[in-house]
Structures are given as structure tokens and as C-alpha cells.
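Everything below concerns the one structure shown next.
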Amino acid sequence: MNNRKIFVIDTSVLLYDPTSIFVFVGNDVVIPLVSLEELDRFKDRKELIGSAAREVNRTLDGLRKRGSLHDGIYLEEYDINLRVVRDTMKTHIPEEFDPLKGDHKILNVAVVEKLSSPETSVIVVTKDINLRIKCDALGLIAEDFYKDIPQAVRDGHPVFSGVSQMYLNDEDVDSYYQNSGVTPMTSEKLCENSLVIGVSETNPQKSLVGMVKRGRIVPLRVKFDASGISPRSKEQRAALQLLTDSDVPLVAMTGLAGSGKTFLAIAAAMAALSSKQCERIIITRSIEPVGRDLGFLPGTLDEKMAPWLMPIIDNFRAAFNDTTYFEMMKQRGTIEISPISYIRGRSFNNCFIIVDESQNLTIHEIKTLVTRCGENTKMVLLGDTEQVDTAYLDKFSNGLTIAIERLKGSELFGHIRLDRGERSALATLASQSL
């Protein structure tokens with residue numbers, strides 16, 4: 001068996017990561033010609049997917065200077081042989097598959113590669129779950145694109161929750177209360193800005209709840225007052241501390257529906273605005289529909305975004321018993337609705353940015369958002385990683401999960417998962433049981 005492998009790259013991978021062809025070091029990369037045709041359909045789009053399609057085209061155009069894409073180009077710095085392969089006239093896939101469909105042309109290219117190189121592993125790389133299933137039905141090896149998924153998650157370890165439970169000795173617990181914090185004598189690594197629940201090894205009655213700041217467990221001190229809102233759990237207290245801590249410019253909050261993510265973020269944003277800690281509140285979100293898509297919406301930008309902002313408006317109504325204040329602030333420009341599609345190139349200073357439903361974003365879209373943050377700006381990523389609505393993403397490959405795993409431990413980042421529903425007993429039951 002040849003040690004080199006042949007990777008057939010699907011369009012979904014190229015759109016997800018325009019640099020994906022350079023990842024397969026020491027192997028051969030095949031791009032089906034139909035993928036270039038599919039890229040052509042996206043190149044004029046204004047969203048990030050259009051930018052990705054154009055970047056792939058620019059990359060391939062630059063590589064043409066090294067040789068022919070038809071004959072193959074050797075990329076010496078990556079030890080990669082790159083080819084663009086057209087579908088053959090002869091179909092090698094079952095008659096049940098429409099030979100004119102793009103996915104089936106990619107399947108046919110993979111089958112032909114396998115027939116041409118029987119001693120070499122041929123692997124179809126795609127983020128399309130259905131295409132991976134079809135590959136398996138045809139006896140082809142198929143994989144997701146794993147580059148961005150942290151190894152720990154791939155190995156089956158749970159995603160970082162932002163909460164650590166540990167056993168401490170009595171002296172550490174006593175010191176915590178006597179000195180308003182403690183640096184525990186433990187071999188366990190403390191993750192910066194995480195919530196710690198510590199229990200004495202010898203006396204279960206002795207315990208502490210604190211947050212890690214610069215390697216030290218300190219008490220939760222939530223300096224917060226907005227419409228009488230108060231946290232209902234230790235996780236919500238930790239969330240509010242992260243939301244009001246100016247030294248933590250990026251916060252992620254995950255959890256089941258009704259756990260208070262959006263509500264707490266809006267309350268903290270309004271508190272920051274009233275205390276002059278920020279000048280504007282920016283609200284954005286992924287616009288992935290649940291269920292059947294209604295198509296393009298008519299009207300102005302505000303009218304198009306109105307259906308997607310209903311969760312935000314609902315939380316304003318719950319906090320202030322009215323939506324008039326929200327509309328007034330929007331007219332004054334104090335609250336701005338900024339669609340993700342138009343976020344590239346902008347710079348946000350002195351802002352409090354709320355990114356709702358961020359589990360529906362790729363890591364590249366989240367990177368684009370975070371890199372928009374300027375001076376004195378806080379960004380909050382909200383989402384339920386168990387409810388991913390974007391095709392090709394799941395609870396492990398979505399951008400929110402990847403961002404949490406990559407950024408955990410940084411002094412500039414904090415994450416907390418809210419596991420208890422606060423909306424209603426019925427909502428909590430549905431989230432856990434249905």
C-alpha cells in the first residue's frame with residue numbers, strides 16, 4: 001500500500017476553509033472540476049461564503065503559474081500533488097444515482113481514482129453528511145474536515161464547560177475565607193476565568209465557590225444593578241461577573257434554551273451603557289431558519305432583520321416590561337443591528353457586542369467577528385451547541401465550540417455553561433426530554 005493518500009476535496013470543504021488544499025501535507029489532493037463550477041455559483045455572494053469562493057479562485061489562479069492544474073502541480077513546500085479532475089464520460093456509480101448531480105460527479109471522480117490507483121487510499125473529504133453516507137455505501141472512505149476541531153474533542157473529551165470541581169485541603173478553604181482568596185496547593189491546573197467549586201477532602205461541610213483570576217481562586221463579586229435583576233444560580237453569578245469584568249473582553253455563554261443567556265447579556269449591556277462603560281450596543285446573529293425557509297424577506301434592512309431579532313425584543317420586554325425603550329435607542333443609534341453578512345471591514349470601539357445563536361457560525365466567521373473588536377469593546381458569544389441549524393456543522397465542529405476550546409485559559413476570555421433552565425418548568429422539561 002502506497003504511504004501517500006489521495007484526498008478528493010468536496011466544495012463544502014473549500015467554502016468552509018479556502019486554504020484547505022494546503023492542509024494535506026505529504027499527500028495528493030484532487031479537486032473535482034464540478035467543484036469549481038459550484039464555486040462559480042457563490043463567487044458573487046456578499047456573505048462570507050462569497051468571499052471564501054473568491055479566495056479559492058484566487059488561490060488556484062495563482063497556482064497556475066507553477067504549472068497545469070489538469071496535469072498536476074507539485075507544491076514543494078507542502079509536498080502535495082494537486083490536480084483538478086473532470087468527471088469521466090463513463091459512469092462508475094450505481095444507476096440509482098443521478099449522474100448529472102454535482103455530488104454524484106464527485107463520487108464518480110473518487111471511484112475512478114480508486115480504480116486507477118488500487119494500492120493507494122482514496123479518501124473523500126466533505127462536510128456534507130449525506131455525501132459521506134453515500135461514500136460508505138459505495139465502499140469509499142469518507143471523512144469530515146477535522147483541521148479546526150481540537151484534538152481533545154476528537155478524542156471524545158467533553159467540551160470545556162467553564163466550571164471546575166475539585167477537592168481542597170482544609171487550610172486552603174479556611175484561607176479562602178480569611179484572605180478573600182487562595183492559591184490552592186493542588187496539582188490540578190486552574191483554568192483562568194473559570195468557576196471553581198471546591199470541597200474539603202476531609203470535611204464535606206467546608207466548601208467554596210469562586211473564580212480563577214491569575215491562578216488564584218477569588219470570591220464572586222458581582223457589581224451589578226439593572227432593573228432589580230439578580231442571578232438565580234452560581235453559574236449565572238459567574239456569567240454576570242464575566243460580563244461585567246472589563247479585563248475579559250470576550251465571553252462565551254452556552255446552555256440549554258431558557259437558561260438566561262440572552263437575558264443576562266442584554267442586562268449587562270444596558271448596565272454598561274448606563275454607566276458610560278460603552279457608547280453603543282451592537283446586536284448581530286446568524287440567520288439560520290428552524291424548519292422550512294421562508295425565502296428572502298422584503299423591505300429595508302431593519303425590516304428584513306425584524307424576525308431574527310424577536311428573541312432580543314422578547315428579552316427587552318421581560319427586562320423592562322416594554323419595547324418602546326428598545327425602539328427609541330435603535331432610532332438614536334445607541335443600539336445597532338448589524339448583520340454578519342456586512343460585518344467584514346468594520347471596526348467597533350467602545351461597544352458592547354452581542355452575537356446571538358453563534359453555534360450556527362463557523363470558526364472562520366467567529367474569527368471575522370472577534371477581529372472587528374477595537375479598544376474598550378466587549379463581545380459576548382451566545383449559543384446552545386446542542387441546537388446547531390447550519391448544514392455541515394454539528395455540536396463539535398461549530399465555531400462556538402472550537403472557539404471555546406482554543407481560547408480557554410486565556411486571561412482575555414471566559415466561558416460559562418448554564419445548565420439549568422430558568423424560563424419555565426415546561427421549557428426545561430422540553431429541553432431535557434424531547
Side-chain angles (χ1 to χ4, degrees), residues 148-153 157-166 188-198 209-218 220 222 224 231 233-257 259-269 285-286 352-363 365-367 369-371 373 377-388 393-422:
D148 292 320
I149 303 177
Q151 188 63 48
V153 175
H157 295 286
V159 178
F160 176 62
S161 68
V163 181
S164 302
Q165 297 188 18
M166 61 175 57
E188 293 187 50
K189 184 179 179 181
L190 298 175
C191 193
E192 192 71 11
N193 295 319
S194 65
L195 177 67
V196 173
I197 302 170
V209 176
M211 180 164 285
V212 180
K213 298 297 291 185
R214 296 175 178 81
R216 179 179 171 84
I217 304 175
V218 297
L220 291 171
V222 181
F224 188 75
S233 66
K234 55 185 177 299
E235 289 83 8
Q236 286 196 354
R237 288 180 62 204
L240 282 175
Q241 178 140 329
L242 290 172
L243 289 169
T244 56
D245 190 341
S246 59
D247 293 329
V248 185
L250 181 61
V251 175
M253 280 198 294
T254 59
L256 53 80
S259 56
K261 303 182 296 294
T262 307
F263 188 83
L264 292 174
I266 289 175
R285 58 161 289 168
S286 167
F352 195 110
I353 306 175
I354 299 174
V355 186
D356 203 12
E357 301 294 340
S358 55
Q359 81 278 2
N360 289 325
L361 302 174
T362 68
I363 186 59
E365 290 170 326
I366 285 185
K367 178 180 178 181
L369 286 169
V370 176
T371 53
C373 294
T377 288
K378 192 180 200 77
M379 178 173 284
V380 182
L381 305 174
L382 307 175
D384 181 359
T385 55
E386 298 293 331
Q387 294 186 349
V388 178
L393 297 182
D394 57 31
K395 65 180 180 180
F396 300 123
S397 63
N398 70 85
L400 181 57
T401 294
I402 295 171
I404 290 168
E405 284 295 311
R406 286 186 179 179
L407 298 175
K408 65 181 180 183
S410 169
E411 292 184 0
L412 302 179
F413 174 75
H415 166 241
I416 191 72
R417 186 173 67 210
L418 308 177
D419 287 326
R420 197 175 84 183
E422 304 291 351

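On a predicted model such as this, the values are computed, not experimentally measured, just so you know.
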First locate atom [atom1] of [X], then atom [atom2] of [Y], and finally report the distance between them rounded to the nearest 0.5 Å.
X: Glu357; Y: Arg285; atom1: CD; atom2: CZ; answer: 5.0 Å
X: Asn398; Y: Glu365; atom1: CG; atom2: CD; answer: 11.0 Å
X: Ile217; Y: Ser164; atom1: CD1; atom2: OG; answer: 9.0 Å
X: Gln236; Y: Phe263; atom1: CD; atom2: CZ; answer: 9.0 Å

Contact between [X] and [Y] at the side-chain level, heavy atoms closer than 4.5 Å - yes or no?
X: Thr362; Y: Leu393; value: yes
X: Leu250; Y: Leu381; value: yes
X: Val163; Y: Ile416; value: yes
X: Leu256; Y: Glu386; value: no
X: Ile404; Y: Thr385; value: no

Query raised in the report: Applying the side chain to side chain contact (heavy atoms under 4.5 Å, CB included) test to Asn193, which of Leu242, Val212, Asp247 qualifies?
Result: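 Running side chain to side chain contact (heavy atoms under 4.5 Å, CB included) over Leu242, Val212, Asp247 with Asn193 returns exactly one hit, Leu242.
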Query - Residue that, paired with Lys378, satisfies side chain to side chain contact (heavy atoms under 4.5 Å, CB included) out of Ile353, Val251, Thr244 - result: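 So, applying the side chain to side chain contact (heavy atoms under 4.5 Å, CB included) to Lys378 and each of Ile353, Val251, Thr244, only Val251 qualifies.
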Main chain of [Y], side chain of [X]: is a donor-acceptor contact present, judged purely on distance under 3.5 Å?
X: Lys408; Y: Phe413; result: no
X: Gln359; Y: Gln387; result: yes
X: Thr401; Y: Lys395; result: yes

Which heavy atom of [X] sits nearest to which heavy atom of [Y], and what is that distance?
X: Ala265; Y: Phe352; value: O-CE2, 3.9 Å
X: Ile366; Y: Gly399; value: CD1-C, 3.3 Å
X: Ser259; Y: Gly255; value: OG-C, 3.9 Å
X: Ile149; Y: Ser397; value: CD1-CB, 3.8 Å
X: Leu195; Y: Ala238; value: CD1-CB, 4.0 Å
X: Val218; Y: Lys213; value: CG2-CG, 3.7 Å

Partner residues of [X] under the side chain to side chain donor-acceptor pair (under 3.5 Å) criterion, sequence neighbours left out:
X: Arg237; result: none
X: Gln241; result: none
X: Glu192; result: none
X: Thr254; result: His415

Query raised in the report: Residues in side-chain contact (heavy atoms from CB on, under 4.5 Å) with Pro150, at least two apart?
Result: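 Once residues adjacent in sequence are excluded, the partners of Pro150 under the side-chain contact (heavy atoms from CB on, under 4.5 Å) criterion are Val153, Ile402, Glu405.
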Report task. Begin from the C-alpha positions of Leu243 and Met253 and carry the test side-chain contact (heavy atoms from CB on, under 4.5 Å) through to its verdict. Result -> CA-CA 10 Å; Leu243 289 169; Met253 280 198 294; 3.9 Å; yes
Requested in this report: Please report the C-alpha distance between Val355 and Met379 in whole Å, then the side-chain angles of each, then the deciding distance to 0.1 Å, and finally whether the side-chain contact (heavy atoms from CB on, under 4.5 Å) criterion is met.
Outcome: CA-CA 7 Å; Val355 186; Met379 178 173 284; 4.1 Å; yes
Query raised in the report: By salt bridge (charged side-chain N to carboxylate O under 4.0 Å, His left out), which residues pair with Arg406, not counting sequence neighbours?
Result: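 If we apply the salt bridge (charged side-chain N to carboxylate O under 4.0 Å, His left out) test to Arg406, skipping adjacent residues, the hits are Asp148.
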Query raised in the report: What do the steps show when you test Asp419 against Glu235 for side-chain contact (heavy atoms from CB on, under 4.5 Å), and what is the final call?
Result: CA-CA 8 Å; Asp419 287 326; Glu235 289 83 8; over 6 Å; no
Report task. Start with the C-alpha distance between Leu240 and Leu264, add both sets of side-chain angles, then the distance that settles side-chain contact (heavy atoms from CB on, under 4.5 Å), and finish with yes or no. Result -> CA-CA 7 Å; Leu240 282 175; Leu264 292 174; 4.0 Å; yes
**Report entry** Heavy atoms from other residues, nucleotides or ligands near NZ of Lys367 exceed 12 (cutoff 6.0 Å)
**Finding:**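 No, NZ of Lys367 has 12 or fewer neighbouring heavy atoms, counting only those of other groups under 6.0 Å.
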